[in-house]
Amino acid sequence: MKAFLLIHDLLDLFYPNICPACDKPMQHTEKYFCIYCELQLPKTNFISAKDNSVYKLFFGRADVEQADAWLYFVKKGMVQKLMYSLKYKGNQALGERLGYLYGLDIKTQNTMKIPDCLCAVPLHTDKIKTRGFNQAAAIARGMSQALEIPFVEDLIQRQSNTGSQTRKKRFERWESSVQSFQMNADIHYGYKSVGIVDDIITTGSTLEICANLLKGFGVDKVQVFALCQAIN
């Protein structure tokens with residue numbers, strides 16, 4: 001055992017495991033990011049406040065029972081660094097860990113209703129080929145483990161890439177986005193409430209589309225869970 005720890009310490013000396021949030025070397029007991037950064041995560045505390053800013057985003061747009069974002073996302077901040085590691089460095093394990101911690105907070109505070117299952121906002125297949133995975137799905141898997149509910153992968157699918165929409169008018173962009181999502185007819189389930197998971201929420205347009213799609217498919221209650229909310 002002592003020999004193993006010695007070898008581990010030597011490897012850490014020459015090939016340190018760097019925390020993706022603060023760029024400092026981690027201890028051998030720290031796996032995903034350092035304990036200091038975990039304790040400093042900028043939580044919104046929306047879990048205990050139903051009428052939060054994320055929930056209000058969907059007023060008049062989608063019938064969601066509750067909506068939440070766990071962390072604040074600011075430019076050059078800790079969460080941005082974590083999301084960069086997740087999305088562009090292929091750090092799926094980090095996404096699952098963040099999702100797990102998010103799920104634990106929901107479960108521990110016991111103020112939010114837990115849905116029957118979770119699904120993730122889908123990525124187009126072209127992006128999955130480039131990135132290798134769906135970051136929202138990684139987060140949802142971690143949450144499902146903490147909440148002890150199923151994660152139903154590919155419940156909602158993205159069937160077309162809308163491409164560049166810079167020259168389209170606002171309604172045309174929205175209509176194009178709506179047409180790019182569809183329910184997976186091959187998945188049969190009896191869940192009455194479904195939670196949609198996304199990584200970052202800004203305007204909420206994509207989550208709005210997914211929520212309305214689920215309601216149109218017969219889901220009684222739809223809940224929205226975003227890992228973080230972008231703020232100025």
Is there a path of hydrophobic side-chain contacts, each under 4.5 Å between heavy atoms of I/L/V/M/F/W/Y residues, joining [Y] to [X]?
X      : Y      : result
Phe133 : Ile156 : no
Val54  : Leu207 : yes
Ile149 : Trp70  : yes
Met183 : Leu118 : no
Leu147 : Tyr191 : no

Inset, instruction - Tell me, with the steps shown, if Lys31 and Met26 meet side chain to side chain contact (heavy atoms under 4.5 Å, CB included). - result: CA-CA 8 Å; Lys31 188 175 180 180; Met26 294 194 292; over 6 Å; no
Answer yes or no: is there a side-chain heavy-atom contact under 4.5 Å between [X] and [Y]?
X      : Y      : answer
Val194 : Cys117 : yes
Ser53  : Phe46  : yes
Pro25  : Ile18  : yes
Asn17  : Glu30  : no
Cys34  : Lys24  : no
Gln135 : Leu123 : yes
Glu208 : Leu57  : no
Ser85  : Phe33  : no

Taking all non-hydrogen atoms of both residues, which atom of [X] and which atom of [Y] are closest, and how far apart?
X      : Y      : value
Asp105 : Lys43  : OD2-NZ, 2.9 Å
Val222 : Val219 : CG2-CG1, 4.0 Å
Met78  : Pro42  : SD-CD, 4.3 Å
Ala69  : Gln229 : CB-CB, 3.7 Å
Pro115 : Gly195 : CB-N, 3.7 Å
Thr111 : Ser48  : OG1-CA, 3.7 Å

Legend entry - Donor-acceptor contact below 3.5 Å, side chain Asn134 vs main chain Val121: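 At least one qualifying donor-acceptor pair exists.
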Inset, instruction - Could you check whether the rings of Tyr55 and Phe59 sit parallel, tilted or perpendicular, using 30° and 60° as the cut-offs? - result: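 Because their plane-to-plane angle is over 60°, the rings of Tyr55 and Phe59 count as perpendicular.
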Inset, instruction - Determine the interplanar angle of the Tyr102 and Phe225 rings, folded into 0 to 90°, and report it as parallel if under 30°, tilted if 30 to 60°, perpendicular if over 60°. - result: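 Tyr102 vs Phe225 ring planes: perpendicular.
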Inset, instruction - May I have the step-by-step check of side chain to side chain contact (heavy atoms under 4.5 Å, CB included) for Leu71 and Leu82, ending in yes or no? - result: CA-CA 11 Å; Leu71 305 172; Leu82 290 171; 5.5 Å; no
